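Everything on this sheet refers to the single structure shown next.
A note on names: the letters A, B, ... follow the listed sequences, proteins ahead of strands, and every chain is numbered from 1. Please read all numbers here as calculations on a predicted model, not as lab measurements. Just so you know, these numbers use all the heavy atoms, side chains as well, and skip hydrogens, waters and symmetry mates.
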Protein chains: 2
Amino acid sequence: MAEKQQRTLVDQVFKKIFDLLVRGEIPLGGVVNEAALAERFQVSRGPVREAVKQLQGRALVVKEPYLKARVVDLSVEDMIEIFQLREAVEGMSVRLATQTMSDSDLDRLLADFSDALENKDGPVLDVHVRIAEASGNSRIRSLLCDELYYLLRLYRARSGDVPGRRQNAFSEHWQILRAMKARDADLAESLMRAHIARATSALHDLLESKDEDGADQSEKRNAG
Amino acid sequence: MAEKQQRTLVDQVFKKIFDLLVRGEIPLGGVVNEAALAERFQVSRGPVREAVKQLQGRALVVKEPYLKARVVDLSVEDMIEIFQLREAVEGMSVRLATQTMSDSDLDRLLADFSDALENKDGPVLDVHVRIAEASGNSRIRSLLCDELYYLLRLYRARSGDVPGRRQNAFSEHWQILRAMKARDADLAESLMRAHIARATSALHDLLESKDEDGADQSEKRNAG
DNA sequence: TTCAACAAAAGTGTTGACACTTTTTCGCCG
DNA sequence: CGGCGAAAAAGTGTCAACACTTTTGTTGAA
């Protein structure tokens, strides 16, 4: 993804639809109507179809033949699955980065992190992205930054951050970076895994507290 | 994937093209020609286009706008990246399976494995698939069994198995299953990771031995 | 002979029309 | 009044034609 040249309609439409999802104009679980989107973007249905197919490939849209496509409705259970996967992959990501990053790159990362501490509106996930990019493994980077990151954004757009995580994140990130600086790959990996596992626990708690109130206010609108 | 109902042409075409790749009729790096495939399968180009787009989504086909689509040409470096990812994810997979599998399911897995030892033409990867399915995490299962598995098959179809691995695989699998039976998730995970890391090392060796012979016999044919 | 510009061919991107499936609507019968 | 079934509507799947881009091949001049 990233900075693809987008010379083709499909790519433009893909991005436009994705923005619609992130901005919540098509809500989670909402219907994705090809004809309506084609009309809206002033293109034919072909490119829209292919763009939706791509979104489907990224698991952002769910569909069966001849049935309306729907935006994925991420449950807390889904998020737990995603966080379990992230725990494993981000652990490997930081392990590889610790082993292969140059000293200068590492110093720059530490410096940038310190800078980010000043202007507090933190790009929390940026540390994870930087590490994934530094891992040198393009598939791990793509999985974390392209696939899972989008799902996280979609979930956060609706459900907000996992409660009470923002505060701890900084110190946990700092510990991870220190382990990297010490070239202790084992420690870096286990700190990262613990860091993500804590968020997973918070999700589990959320799940239990939600089991109690039986209220089920599901709200689905149309895309037209 | 698995047993999707395939009521639509796109799904049928997808499967047919994929078979072409696995059977090597379109070689790695070979050109994927929409019109030729449409002619071959007696359908129009639309479904072929979408099927190719899906293959692109699975990273089996690489393409840029207006340029011919090509089957991905997996280098040893690519395989190393994939195995690093697998190490992390299969580790988590076996950890989760160890924690959540019922005793009876675990016993059945052990029994099936013993049976497979008899008829020697081993489905080596089947143990991994069974564990992934038992992990209870659908995203991990899908990543391992749908995405990465296809890439492995494609690589093996051309390059054969990683040398000298077949023999050790059985005993390593057996150790993993024993750890699962003992409900030792930590041990199961580290055994699995070591199991896959060994294959990664073999790939690294392959890489070094290949650096010496500068012969570059690349062979690309057309799909028509 | 070599290189550049141009023309032809091949291949991908896009479109609008038509076919098929699913859903909704509406009238009929019980 | 309520449920059943047919007809209409809405939406997705497929197709063939056309537009655009890239590649290939040819010609002509330096």
Side-chain angles (χ1 to χ4, degrees), chain A residues 1 4-17 20-21 25-27 29-58 60-72 218 220-224, chain B residues 1 4-18 20-21 25-27 29-72 218 220-224:
Chain A
M1 183 78 64
K4 190 190 294 181
Q5 205 167 337
Q6 288 185 194
R7 290 184 334 191
T8 177
L9 269 184
V10 177
D11 292 330
Q12 297 172 26
V13 170
F14 177 91
K15 187 150 191 48
K16 285 183 183 175
I17 298 179
L20 253 46
L21 302 197
E25 290 202 48
I26 307 179
V31 173
V32 178
N33 184 322
E34 292 177 4
L37 291 172
E39 169 73 12
R40 174 166 188 162
F41 300 141
Q42 289 294 303
V43 299
S44 91
R45 272 181 49 223
V48 174
R49 271 184 71 79
E50 293 195 20
V52 171
K53 204 100 193 166
Q54 270 183 244
L55 290 165
Q56 202 181 339
R58 291 244 160 90
L60 296 174
V61 160
V62 170
K63 193 163 84 65
E64 280 186 86
Y66 294 109
L67 297 179
K68 307 184 210 303
R70 286 183 171 280
V71 181
V72 66
S218 53
K220 326 259 160 179
R221 282 195 298 109
N222 197 297
Chain B
M1 184 77 62
K4 191 191 293 183
Q5 205 168 338
Q6 286 184 193
R7 291 188 330 197
T8 176
L9 269 182
V10 176
D11 292 331
Q12 296 172 27
V13 170
F14 177 91
K15 186 148 193 49
K16 285 183 182 175
I17 299 179
F18 179 68
L20 253 47
L21 302 196
E25 289 200 48
I26 307 178
V31 173
V32 178
N33 184 322
E34 292 177 4
L37 291 172
E39 168 74 13
R40 175 165 188 164
F41 300 141
Q42 289 294 304
V43 299
S44 94
R45 272 180 50 224
V48 174
R49 270 183 73 79
E50 293 195 20
V52 170
K53 204 98 191 169
Q54 270 183 244
L55 289 164
Q56 201 182 341
R58 291 245 160 89
L60 298 174
V61 160
V62 171
K63 194 164 82 66
E64 280 186 85
Y66 294 108
L67 298 178
K68 306 182 211 305
R70 287 182 171 280
V71 182
V72 66
S218 53
K220 325 258 160 181
R221 286 194 296 107
N222 198 298

Both Pro65(A) and Ser44(A) contact DNA chain C. Which one's nearest nucleotide lies toward the 5' end? Ser44(A)
Pairwise side-chain contact, Val52(B) with Phe14(B), heavy-atom cut-off 4.5 Å (strictly under): no
Of the listed nucleotides (dT12(D), dT14(C), dG11(C)), which one gets closest to any side-chain atom of Arg49(A)? dT12(D)
Flag, side chain of Arg70(A) to backbone of Gly29(A), donor-acceptor distance under 3.5 Å: yes
Rounding to 0.5 Å, atoms CD (Glu34(A)) and CD1 (Ile17(A)) come to a distance of 9.0 Å
Side-chain N or O of Thr8(B) closer than 4.0 Å to phosphate OP1/OP2 of dT12(D): no
Rounded distance in Å - CG (Leu37(B)) to P (dG11(C)): 11 Å
Find the distance Asn33(A):CG to dT22(C):C1' and express it as a whole number of Å. 14 Å
With a non-hydrogen cut-off below 4.0 angstrom, is Gly46(A) in contact with a base, only sugar-phosphate, or nothing? base
What is the distance from CZ of Arg45(B) to C1' of dC18(D), rounded to the nearest Å? 11 Å
Are side-chain heavy atoms of Glu50(A) and Arg49(B) found at a separation under 4.5 Å? yes
Mind calculating the distance between CD (Glu64(B)) and P (dT23(D)) to the nearest angstrom? 10 Å
Glu39(B) has an atom CD; how far is it from atom C1' of dG11(C), in whole Å? 15 Å
Give the rounded distance in Å between these two atoms: CZ of Phe41(A) and C1' of dT15(C). 18 Å
Indicate yes or no: does Arg40(A) engage Glu25(A) in a salt bridge with an N to O separation below 4.0 Å. yes
In whole angstrom, give the distance that lies between atom CD of Glu34(B) and atom C1' of dT14(C). 12 Å
When you get a sec, tell me which of dG13(D), dC15(D), dT22(D) is the closest nucleotide to the side chain of Pro47(B)? dC15(D)
Give a yes/no answer on whether the side chain of Lys63(A) brings an N or O atom under 4.0 Å of OP1 or OP2 in dG13(D). yes
Rounded to whole Å, the OH-C1' distance (Tyr66(B) to dT21(D)) equals 6 Å
